[in-house]
Number of protein chains: 2
Amino acid sequence: MTRRPAHGDLIRTEILALLGSAGPLGRAEIAARLGVGAATVTEHTRRLIGAGFLRELAPHASGAGRPRVPLELVSDAAHVLGIRVAVDHLVGTVVRLDGRIVDEFRLPERVAQSPVRLLTKVVRAEIDARRDTTPVRGVGVAVPGMADPESGVVRLSGIMDWHGLPLGAELARALPVPVLVDNDLRASTTAELLFGMGREHDDFLVLGIGDGLGMGVVLERRVQRGADGSSGEFGHLPVDPEGPDCTCGNRGCLQTLVGQSALLDRARRAGVRLAPDAGPAALVAAAERGEPAVLRLLSEAGTLLGRCVAGVVNVLAVKAVKVIGESHVLWPYLGPSFTASARAGVIEPLKDLSVTVSPWRDTEHARGAACLLLARSGAITRPSAR
Amino acid sequence: MTRRPAHGDLIRTEILALLGSAGPLGRAEIAARLGVGAATVTEHTRRLIGAGFLRELAPHASGAGRPRVPLELVSDAAHVLGIRVAVDHLVGTVVRLDGRIVDEFRLPERVAQSPVRLLTKVVRAEIDARRDTTPVRGVGVAVPGMADPESGVVRLSGIMDWHGLPLGAELARALPVPVLVDNDLRASTTAELLFGMGREHDDFLVLGIGDGLGMGVVLERRVQRGADGSSGEFGHLPVDPEGPDCTCGNRGCLQTLVGQSALLDRARRAGVRLAPDAGPAALVAAAERGEPAVLRLLSEAGTLLGRCVAGVVNVLAVKAVKVIGESHVLWPYLGPSFTASARAGVIEPLKDLSVTVSPWRDTEHARGAACLLLARSGAITRPSAR
DNA sequence: ACCGTTTAATTCGGGCCCGAGTAAACTGGG
DNA sequence: CCCAGTTTACTCGGGCCCGAATTAAACGGT
């Protein structure tokens, strides 16, 4: 049996996130909004002020009573670096304490072969370049595949051909700042918890639609990782025992029906002309042209996806789902049937399930990676964790 | 936003549970087995000894080093009462600290009409009867339907025709001991966490098969409740959009295909002669006679059930499933196909999914109800919570 | 100017968990 | 017989959270 600290030191970060999005607030207001005791806020803000992350503004009297002392986020007091690893490139973001991106870059590195060497090089360069301005306090790495955030080991990443790679430990040895590694979707889920859905919901799902399908699960404000960090394999939900073969060895996994390449294949088979290297944009184009086969295909895919999500929603009783990922561009065509079928498949008290999609770029995963650090503010609050 | 205490005071109970099942152990051994700090064990055992729940045995030297002081559970130091509410009867159990049942009873009361009055009467009688022996320290009530354990409100129980019934609060007012109310499957899930699967696993599912299908979810040693305690509605997983109408208003819910009455219906339609009031036992009899239609039906049901469970397993990455409920008698016929299809539908790292079924009686839900109290040992440790 | 009222923030004690250091109580060897 | 090694248990300080009581700083009215 292993136990994980309760909220981690999430609350300190939530204070930062709240002030980042809502502007300066008094301590009492912070306590109320976060559902946390006043004493807790006093204690945490004391430290955050000490660390230079917060600043007291002039007391502001409003009506009767002792005037509140608004606290303002010193957004640039610390920066963290987030790297998203993809097969053929890296995306990097430098993120402020309030989760906002101050800088981003994209490198055509293929790191599969020697990840530690290349990532070290990239991160070192970035840290050095920022030494004189706001220094980088930590690095988060988001990888495709199963990664255990606790140990920093990438258990299995088919696409990168990594098996049990101790990425976190090796990077930590080579770098002067703390390093956290996690699955890319969970990284973005963490970002959602801090700066997105988490502002309204304690429990929610994050559906990642791309070539694979992933599901981030947040329950009681905790990002669930499952055994060895292997949770969230929504794409391998067994749907149709007679379905197409899947890379995982089974048949009829959800992603063999509604994954990105599955949709392209099925469109082709339905007679739609698509370039061999076509991506979701080509499907969008076809849909915009009004090709009935594509419209039907996407609508059906949305329905199936919605039904599967409804199943998870019923079991976990969450009230909100956020959709992200490369294929979000298809949402105008997937969305209506998705939402309808998800709502239909859900039990009565959950009928008001909220489904949210917002513009998404793949920098988001990199930002998520940075948020892994922010979610453990302890890692960056302490002067030097190294 | 609302926050729930981390483990609750689960650890004190886990110490009791451990000593109950493993016999007397030294403090160091307890700490190691529970994955908890030695200091924590010292502190908790001090209190438990103070409360009379534990007793120090004579130090026992084994090899070098300071001899360990084994701690023994004083099993009968406290009893708790668990009541399972069913449509046409009540099941009650009196449970010791180690989770063992010391007494049980069954009453043909139909409490749907005036639950508070009847339950108060029954519980009062039981408490009074036990006043002179080991007193009852608390009462747990397991109800069918959605119940919020936090507030003690039964949100919705179709079968009892309850809507927003504040059962916990009203019983607490009428009774001299703490009262906890929860959904019946979650109650049994709590029992599993303390005394069953929880001994080996931090994360697991409990599949309840009966007329309805339920799913208890334990992640990181926490029983998940979802929004308003409405989690676990596995039976309403949308499976077949063309399927039979379900009581929930949707079509093709899982339980319209493999629920108890669904199986009976389908057997009848396949030409099997069954009494109008037949239960799962009749299906077992038919299967034992070797009726091919029934065998096929049950095998198919197992396959479907396994596939749905595999989906949940993939998303949450749990490594174990326990099966309980009225229909467990069908397991010899459901089980093989269930296990096969569950394993088949699960991603590689979870292939070693353990599926456990053990003899089950409906007293188990009543025991689960009692375990709700044990899981909050604070409720019974303190001299009088009232 | 001074009093209650109101709201904000802090302190205090408590619960809960941990790790590091320390004390306790044994073993066997010199 | 005492010492070094070993294992157990406890103490202490710390992190983290809370609720209740307390202090702080405004207000309005007299």
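First the proteins, then the strands, lettered A, B, ... as listed; each starts at 1. No hydrogens, no waters, no symmetry mates; every other heavy atom, side chains included, goes into these values.
- Taking atom CZ of residue R68(B) and atom C1' of nucleotide dC10(D), one finds them 17 Å apart after rounding to whole Å.
- Per the geometry, NE2 belonging to H44(B) stands 6 Å off P belonging to dC16(C), to the nearest Å.
- Among dC17(D), dT27(C), dC17(C), the nucleotide with an atom closest to any side-chain atom of A64(B) is dT27(C).
- The pair K319(A)-D202(A) does not count as a salt bridge, with every side-chain nitrogen at least 4.0 angstrom from each carboxylate oxygen.
- If you find the closest nucleotide of DNA chain D to T40(A) and to A61(A), the one lying nearer the 5' end belongs to T40(A).
- Within the structure, every side-chain polar atom (N or O) of R12(A) is placed at least 4.0 Å from both OP1 and OP2 of dG15(D).
- Nucleic acid contact class of G65(B) (heavy atoms, under 4.0 Å, all strands): base.
- Defined by atom type and a distance below 3.5 Å, a donor-acceptor pair is present between the side-chain atoms of T45(A) and R27(A).
- To the nearest angstrom, P of dT6(D) lies 19 Å from CD of E29(B).
- Salt bridge annotation for R46(A)-E43(A): present, with a cationic side-chain nitrogen under 4.0 angstrom from a carboxylate oxygen.
- When distances are taken from the side chain of R47(B) to each of dG15(C), dC26(C), dA9(D), the shortest belongs to dG15(C).
- A straight line from CD of E14(B) to C1' of dC16(C) spans 14 Å, rounded to a whole angstrom.
- Counting to the nearest Å, the P atom of dT7(C) and the CD1 atom of I30(A) are 19 Å from each other.
- Side-chain contact between P59(A) and R68(A) is absent, with no heavy-atom pair separated by less than 4.5 Å.
- Note on H60(B): every side-chain N or O is 4.0 Å or more away from OP1 and OP2 of dT8(D).
- Across all non-hydrogen atoms, the minimal contact from I11(A) to H44(A) is CG2-CD2, 3.8 Å.
- Without hydrogens or angle criteria, S231(A) side chain to L316(B) main chain gives no donor-acceptor distance under 3.5 Å.
- In this structure, E220(B) atom CD and dC17(C) atom P are separated by 15 Å, rounded to whole Å.
- The two residues A77(B) and G52(B) make their nearest non-hydrogen contact at CB-O, 3.3 Å.
- If you measure from atom CD1 of I15(B) to atom C1' of dA9(D), you get 14 Å, rounded to the nearest angstrom.
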Can you give me the N/O atom pairs linking the protein to nucleotides 10-13 of chain C at distances under 3.5 Å, or say none if there are none?
residue : atom : partner : partner atom : Å
dT10(C) : OP2  : R27(A)  : NE           : 3.2
dT10(C) : OP2  : T42(A)  : OG1          : 2.9
dT11(C) : OP2  : R46(A)  : NH2          : 3.3

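- In this structure, CG of L25(A) is placed 14 Å from C1' of dA8(C), rounded to the nearest angstrom.
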